[in-house]
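A short worksheet on the structure shown next.
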2 protein chains.
Amino acid sequence: MNKPSNRPLTLRDVSEASGVSEMTVSRVLRNRGDVSAATRQKVLQAAKRLGYVPNKIAGALASQRVNLVAVIIPSMSNMVFPEVMTGISRTLEDTELQPVVGITDYLPEKEEKVLYEMLSWRPSGVIIAGLEHSDASRAMLKASGIPVVEIMDTDGQPVDSVVGISHRTAGRKMGEAIAAAGYRRIAFLGTKMPLDHRARKRFEGFTQALAKAGIEVADQEFYSGGSALAKGREMTETVLKRTPDLDFIYYSNDMIGAGGLLYLLEKGVRIPGKMGLAGFNGVELLQGLPMRLATMDACRFEIGRKAAEIILARSREDSGDTSPERIELTPTLSRGDTLRS
Amino acid sequence: MNKPSNRPLTLRDVSEASGVSEMTVSRVLRNRGDVSAATRQKVLQAAKRLGYVPNKIAGALASQRVNLVAVIIPSMSNMVFPEVMTGISRTLEDTELQPVVGITDYLPEKEEKVLYEMLSWRPSGVIIAGLEHSDASRAMLKASGIPVVEIMDTDGQPVDSVVGISHRTAGRKMGEAIAAAGYRRIAFLGTKMPLDHRARKRFEGFTQALAKAGIEVADQEFYSGGSALAKGREMTETVLKRTPDLDFIYYSNDMIGAGGLLYLLEKGVRIPGKMGLAGFNGVELLQGLPMRLATMDACRFEIGRKAAEIILARSREDSGDTSPERIELTPTLSRGDTLRS
DNA sequence: CTGAAAGCGCTAACAA
DNA sequence: TTGTTAGCGCTTTCAG
């Protein structure tokens, strides 16, 4: 057994081991150009025997091409972004492109840092959540010269392309459905995140719709941190104690909605007669609840898919002065069992 | 407004714009070596004005140092790995190191592909879930010459360092507690994944413990795909129809356990008297359920933290012939309200 | 404190 | 079909 030197192997090692020039070895390993079957064999054999792993750093520098797509999202721990990622991965998995994710925790400074970090690897494209970014971030995105797709939200001015839904419209639609169903004493429960712009926009659309129906939000409550399911419970209790005559609660996400639903079922509240409920996102989790919560799906998977497709198309055209795309998807309302029609 | 050339900026551009040599610009941008305050000012100003973003590809190639840590995990869509990631991120966030994740979907071939891909970027370390890998993967890890930490599981032979819990012991402990509590007609519900080695090991430990108490598993059922909560419901119904005299169900994860719990509560089954329940993982979600499910926490956050610390320490020592670490954490059993004592 | 030269490991472009 | 040459943009090293 040879003493394994700890130096990583290089093309040169494979070249020497196979008696083929570095250039040809490189060709074989990338399936580029014509190489005779015999040489190809020799090279592949030597590479495998040595356990050679190409150095992408050097390759990227030389070819000025990096097959990475930067994906910048606020969080991975709720149910929404993992599904967006799934959409992205599915689309990219049989291509040369590879997603790399960065997490911002809903903090603009962190977004800026992460973006800078990722751009310094010169990716082939950027997929980034939301339309609200710091001036510096926006400047970096513009200056990068690579395709940028902002996702989730279409209410605002994109840097380049955008794929999402209008959260304002989503909130409005839900407000209209609730008012039309005859509910009048309506509360809103959500996250205490001034930086969650999409939740904010849904709330705005929601109150607008209610206002148009002559209804004012009867109560509201916000939380931060902790188990969303538990928070949904607590907040529901709190708000009902404060405003006992509520007949509807709109939750800014399904998880707290599920918590509220479980709480109310325990209390024996008649749903959707005495009290109606709705959430947002259309998460799979809801399937297992005793009652199906009314919700609106956010087209998460589809958004990921479309965004990835845009990057992919751009990275291939290369030249064509492609104009920015703008894709607005339409979320569908599910009444479930908690919103009477 | 200048016509923005689309070529990314280089050190040279900053050098020319500031009248300082490339070398000194590089020093300023990396805070390396002594540079006069005046020069530093000039450089920073020019860099900011131009919107220069350093090219890490070139930097990494020249310095033979990449501040990335490859994190390879099976999935991001259950509740377990996001928390491991949180532990890793927290530890790394104020260091020079940055995690980059790759997903394997529990498929060895995909793990091999992802690993190869990541190693080709020459990261400073690898954190990889599980101890079971293909021969090729294991060979790559060994040949890479970089620190490797296998996480989650300690029942097996690590390539290098390992941080986790013994899932076999976890299953055994739960089995012992259940037997000691007097339950006798016990079922196991889990995932249909022959490749989820940790779930398998828990099951093995579990049946062993029961055997020692003279008990055989009365029934079992496995699922794959779909909403875990809903599956928990269905499977519970199925297994109770088949074996009505069960007095305990052990679920291989909390999510299906929660589904089962909700189902049984609806049916009005007396818990934990008539029927006991337990899950695994200690997920936060359980906080919001009507009843606290018995479970065992898997030390997810702590595992991430420790693993990252090992990589960090190694990447700093550099030289010292550090021996592999082996850290076995001890999960704690929570009886909740569904396992009588 | 600052700069000049050399080269990291690979690939584009051209030559044979 | 194969090989040679010249960098990619940065950092290391060594000399001022």
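Proteins get letters first, then strands, A, B, ... in listed order; numbering begins at 1 in each. Just so it is clear, the model here is predicted, and its values are computed rather than measured.
In the set dG3(C), dT11(C), dC8(D), dC8(D) carries the atom at the smallest distance from any side-chain atom of Gln64(A). When distances run from any side-chain atom of Arg65(B) to the nucleotides dG9(D), dC10(C), dT12(D), the shortest one goes to dT12(D). Listed nucleotides: dT2(C), dG9(C), dT11(D). Nearest to the side chain of Arg27(B): dT2(C).
Against DNA chain C, the stretch residues 12-25 of chain B makes heavy-atom approaches under 4.0 Å through Val20(B), Ser21(B), Met23(B), Thr24(B). Applying a 4.0 Å cut-off to non-hydrogen atoms, the residues of residues 28-56 of chain A that approach DNA chain C are Arg30(A), Tyr52(A), Asn55(A), listed by residue number.
Checked for salt-bridge contact, Arg7(B) and Asp13(B) meet the test: a charged N lies under 4.0 Å from a carboxylate O. Using a cut-off of 4.0 Å between Lys/Arg side-chain N and Asp/Glu carboxylate O, Lys56(A) and Glu117(B) are scored as salt-bridged. A salt bridge links Arg316(A) with Glu96(A): at least one charged nitrogen is closer than 4.0 Å to a carboxylate oxygen. The pair Asp160(A)-Arg314(A) meets the salt-bridge criterion, with a side-chain N (NZ, NE, NH1 or NH2) lying under 4.0 Å from an Asp/Glu carboxylate O. A salt bridge links Lys110(A) and Asp105(A); the closest N-O separation between the charged side-chain nitrogens and carboxylate oxygens is under 4.0 Å. Salt-bridge formation is detected for the pair Arg305(B)/Glu309(B): a Lys NZ or Arg NE/NH1/NH2 atom is positioned less than 4.0 Å from an Asp or Glu carboxylate oxygen.
Side-chain N or O atoms of Thr154(B) include none that pairs as donor or acceptor with a backbone N or O of Glu328(B) at under 3.5 Å.
One interatomic measurement links the two molecules: CD1 of Ile57(B) to C1' of dG7(D), which rounds to 16 Å at whole-angstrom precision. Rounded to whole Å, atom P of dT11(D) lies 6 Å from atom CG of Leu11(B). In this structure, Leu61(B) atom CG and dC8(D) atom C1' are separated by 9 Å, rounded to whole Å.
Comparing the start and finish of the helix from dC1(C)-dG16(D) to dA16(C)-dT1(D), five pairs each, the helix axis swings through 30°, to the nearest 10 degrees.
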